> 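Here it is: the structure, laid out below.
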Amino acid sequence: MSINNNALSTYRLLKATAEVAEQSLAGRIQHYRAHLKTEEKELRTYTQKAAADLLGVNNRTLKRRHDQGDFDNINIKKGANGHYAYTLSNIFAMAEVLGVSADQRKEKDKLQVIVINSLKGGCGKTTSLVNIAAALATTNIKRYRIGIIDLDPQGSSSSFFPSNDHEPITVGDLMRDCIDLDEGETWEDLVSSAFQTTHIPNIRVLPSGMDDFYFEHETATELKESSSYESTRHYHKLKEKVIEPVQDEFDIILVDTAPSLNFMFYNALMASTSMLIPVHPEAVDFDANNKYLKRLGEIYHTVAALGHEGWDFMQFLVTNYVKGNHSQRDIVKDVRSAFGRQVMSYPINHSSAITASSSSFNTIFDQKTSDSLASRESLLKAQENIKDVVDELEMLIRSNWPSTQSSLAE
Ligand SMILES: Nc1ncnc2c1ncn2[C@@H]1O[C@H](COP(=O)(O)OP(=O)(O)OP(=O)(O)O)[C@@H](O)[C@H]1O
Ligand SMILES: [Mg+2]
């Protein structure tokens, strides 16, 4: 095949641009990544009052139990002010001592795999997902076991939960079967170890990596060469190779996706029990959203024909909503009148606290109010907003768990 001269120049230009970018930016990126890894990212600590609130006990009870030595086996440090500074792990250990039981899914309750997707880039998928995960994990004493799978090779959600491993196993590595098992190691062990622990004790993350892009190319090539039965297996890889081996280790898995309807996304759909579609209420975004929904229906048809069992819920989530902006308000009104209860009651509002914490790859629940680059007031407001969203999401999740269905109906 001959390449036309102009195309050849374009190709050369692209190659040269990539080289320049690598030379001039690689150092900076490496420095940044090293900083992310070695930085001992620590979750905020809690005051005694905050710990008591989270545990649902009286502050004085907590003090008394301290005096009795009931928490002596827990390594609780004191802050510079001489007061206890409780970590979330401390609080979970104290809950065991106090008999505050965890409220996770029971045997018959299905693992929830919630996929967040939209074709629109930058509509707030990652920001919403990491903050929702952090709120689910840190603002209650239920001790949900939360997994995050980063299906976007750009690795945005992984960056919020940096790994200490130099080269962590990625979701693409597992789906592409490119890791050899150690002697005596099972596939389940390998997948379990690939879900990295994070600075939030009940969140584990399966990161992505740039090589995960190859999954698209390899799948396309294999599809061309395989029989029709084999070809259908390409859509089951996330479910069968990654999620099923660890399904007993989690209550809720949140899957972040790239703004694309690629093979990774087909896999996400196949593995999903529910779907969250962020909608950024700008006219042009909304138009793109309508086209996306049409295509999503077509893709879902394929996935359903391959055995998907249907969603427990599919919800639209209005994101990055600027209160007081009339055009956004009108769009949200239209969205609500069109989709009714399928739209989450609360939007995620645009917030300077979210912008500020995202710029340093923190969720708004990671930091002490005093560490935030935004004002204390805007941080608390944003936290309250995400908590409202999460309360509704939790209701949707729990209404699909037989062990909690009856109590919710009361
Ligand atoms: N509620 C919010 N308040 C303030 N900034 C926000 C909010 N939601 C998203 N943003 C900002 O919008 C930008 C895009 O958000 P984000 O990266 O979450 O989008 P995305 O849909 O994951 O993008 P991509 O399609 O590239 O994966 C980021 O700079 C983020 O900080
Ligand atoms: Mg993203």
Side-chain angles (χ1 to χ4, degrees), residues 32 114-135 148-162 170-172 205-210 212-213 216 254-262 264-265 268 275-282 284-286 288-289 291-293 295-296 315-325 328-329 331-332 343-367 372-375 377-390 392-393:
Y32 169 70
I114 305 172
V115 170
I116 189 155
N117 181 257
S118 158
L119 250 189
K120 189 75 204 164
C123 67
K125 294 181 284 297
T126 302
T127 309
S128 307
L129 179 139
V130 293
N131 282 291
I132 284 173
I148 294 177
I149 298 179
D150 189 356
L151 271 193
D152 183 351
Q154 293 180 90
S156 322
S157 46
S158 314
S159 303
F160 283 79
F161 301 94
T170 69
V171 61
V205 172
L206 179 57
S208 62
M210 279 312 243
D212 293 2
F213 272 123
E216 301 304 319
L254 297 161
V255 183
D256 193 14
T257 56
S260 163
L261 301 175
N262 54 14
M264 281 275 194
F265 179 62
M275 178 88 178
L276 214 46
I277 302 176
V279 180
H280 184 228
E282 292 287 349
V284 25
D285 294 357
F286 196 55
N289 197 51
K291 294 186 181 119
Y292 162 74
L293 288 176
R295 185 81 186 99
L296 182 63
Q315 293 294 113
F316 294 96
L317 171 63
V318 176
T319 50
N320 214 350
Y321 175 59
V322 180
K323 273 184 174 171
N325 176 314
Q328 289 206 1
R329 193 193 55 200
I331 290 176
V332 171
V343 188
M344 299 288 282
S345 310
Y346 292 93
I348 295 187
N349 296 322
H350 177 80
S351 150
S352 57
I354 293 184
T355 313
S357 39
S358 297
S359 68
S360 52
F361 292 107
N362 283 304
T363 78
I364 52 168
F365 297 93
D366 285 14
Q367 297 170 294
S372 172
L373 296 170
S375 72
E377 193 199 357
S378 75
L379 185 69
L380 293 177
K381 229 175 173 176
Q383 287 178 341
E384 216 166 277
N385 173 218
I386 300 280
K387 262 213 53 76
D388 285 335
V389 173
V390 164
E392 188 179 358
L393 189 65

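Just so you know, ligand 1 is whichever comes first in the structure, and atom 1 is the first atom listed for that ligand. On a predicted model such as this, the values are computed, not experimentally measured, just so you know.
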> Gly121 heavy atoms, cut-off 4.0 Å: which ligand 1 atoms fall inside?
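Checking each atom against Gly121, I get 25 (O).
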
> Yes or no on side chain to side chain donor-acceptor pair (under 3.5 Å) for Ser208 and Asp150, after CA distance, side-chain angles and deciding distance?
CA-CA 5 Å; Ser208 62; Asp150 189 356; 3.3 Å; yes

> Any side-chain heavy atom of Asp212 within less than 4.5 Å of one from Met210?
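Result no, sub-4.5 Å side-chain heavy-atom pair not found.
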
> State, yes or no, whether a side-chain contact exists between His350 and Tyr321 at a heavy-atom distance under 4.5 Å.
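Side chain of His350 against side chain of Tyr321, heavy atoms only: no contact under 4.5 Å found.
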
> Nearest 0.5 Å, please: how far is CG in Leu293 from OG in Ser118?
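Reported to 0.5 Å precision, the distance equals 8.5 Å.
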
> So for Ser351, does at least one of its heavy atoms come nearer than 4.0 angstrom to any atom of ligand 1?
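A heavy atom of Ser351 does come that close to ligand 1.
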
> Are the side chains of Met344 and Val389 in contact, using a 4.5 Å heavy-atom criterion?
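In contact.
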
> Working note: Asp152 + Thr257, criterion side chain to side chain contact (heavy atoms under 4.5 Å, CB included); need CA distance, chi angles, decisive distance, verdict.
CA-CA 5 Å; Asp152 183 351; Thr257 56; over 6 Å; no

> I'd like to know if the side chain of Ser360 reaches the main chain of Ser357, judged simply by a donor and an acceptor atom lying under 3.5 Å from each other, with no hydrogens or angles considered.
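The answer is yes, because a donor-acceptor pair under 3.5 Å joins these two groups.
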
> So is Thr126 polar-close to ligand 1, meaning N/O to N/O under 3.5 Å?
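Between Thr126 and ligand 1 (N or O atoms, distance only) the closest approach is under 3.5 Å.
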
> Under a 4.5 Å cut-off applied to non-hydrogen side-chain atoms, are Ile114 and Leu129 in contact?
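No. Closest side-chain heavy atoms not under 4.5 Å.
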
> Backbone or side chain, does any N or O of Ser128 fall under 3.5 Å from an N or O of ligand 1?
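Such a contact does not occur with ligand 1.
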
> So that I can check it, does any N, O or S atom in Gln154 come closer than 2.8 Å to the Mg ion (ligand 2)?
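No, outside the cut-off.
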
> Give the residue and atom name of whichever protein heavy atom lies nearest to atom 5 (N) of ligand 1, and the separation in Å to one decimal.
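Nearest neighbour among protein heavy atoms for atom 5 (N) of ligand 1, to 0.1 Å: Thr355 OG1, 3.5 Å.
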
> Do Ile116 and Leu254 have side-chain heavy atoms sitting under 4.5 Å apart?
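In short, these two side chains do not touch, never coming nearer than 4.5 Å.
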
> Run the numbers for me: atoms of ligand 1, each under 4.0 Å from some heavy atom of Ser358, listed by number.
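Numbered from 1, ligand 1 contributes 31 (O).
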
> What are the atoms of ligand 1, with element, lying closer than 4.0 Å to any heavy atom of Asp152?
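Every atom of ligand 1 under 4.0 Å from some heavy atom of Asp152: 27 (O).
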
> Check this for me - ligand 1, Thr257, N or O atoms closer than 3.5 angstrom, yes or no?
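Among all N and O atoms of Thr257, none is under 3.5 Å from an N or O of ligand 1.
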
> If I apply the N/O under 3.5 Å rule, does Pro259 come out as touching ligand 1?
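Pro259 vs ligand 1: no N/O contact under 3.5 Å.
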
> Which residue and non-hydrogen atom of the protein lie closest to atom 19 (O) of ligand 1, and at what distance in Å?
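Of every protein heavy atom, Gly124 N, 3.1 Å lies nearest to atom 19 (O) of ligand 1.
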
> Quick test: of every protein heavy atom, which one is nearest to atom 20 (P) of ligand 1, and how far off is it to 0.1 Å?
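The protein heavy atom lying closest is Lys125 N, 3.5 Å.
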
> Any idea which of Gly122, Ala356, Cys123 brings a heavy atom closest to atom 14 (C) of ligand 1?
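Result: the heavy atom closest to atom 14 (C) of ligand 1 is in Gly122.
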
> Should you measure from each heavy atom of Asn349, which atoms of ligand 1 turn up under 4.0 Å away?
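Per the distance check, 1 (N), 2 (C), 3 (N).
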
> Taking a cutoff of less than 4.0 Å between a non-hydrogen atom of the residue and any ligand atom, is Leu129 in contact with ligand 1?
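No heavy atom of Leu129 comes that close to ligand 1.
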
> Does Thr319 come within less than 4.0 Å of ligand 1, judged by its heavy atoms?
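It does not; every heavy atom stays at 4.0 Å or beyond.
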
> With the threshold set strictly below 4.0 angstrom, can you tell me whether any protein non-hydrogen atom sits that near atom 29 (O) of ligand 1?
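No; the ligand atom in question lacks any protein heavy-atom contact below 4.0 Å.
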
> Is any side-chain heavy atom of Val318 closer than 4.5 Å to one of Gln328?
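No, their side chains stay 4.5 Å or more apart.
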
> Check each of Ile386, Asn320, Ile348, Ile364 against atom 2 (C) of ligand 1 and report the one with the nearest heavy atom.
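That would be Asn320.
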
> Could you tell me if the side chain of Ile348 sits less than 4.5 Å from the side chain of Ile354, heavy atoms only?
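Of all side-chain heavy-atom pairs linking Ile348 with Ile354, at least one is under 4.5 Å.
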
> Nearest heavy-atom pair of Asn262 and Glu216: which atoms, and what distance?
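Here Asn262 and Glu216 meet closest at CB-OE1, 3.1 Å.
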
> Should you measure from each heavy atom of Thr127, which atoms of ligand 1 turn up under 4.0 Å away?
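By the 4.0 Å cutoff, the relevant atoms are 8 (N), 9 (C), 15 (O), 16 (P), 18 (O), 30 (C).
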
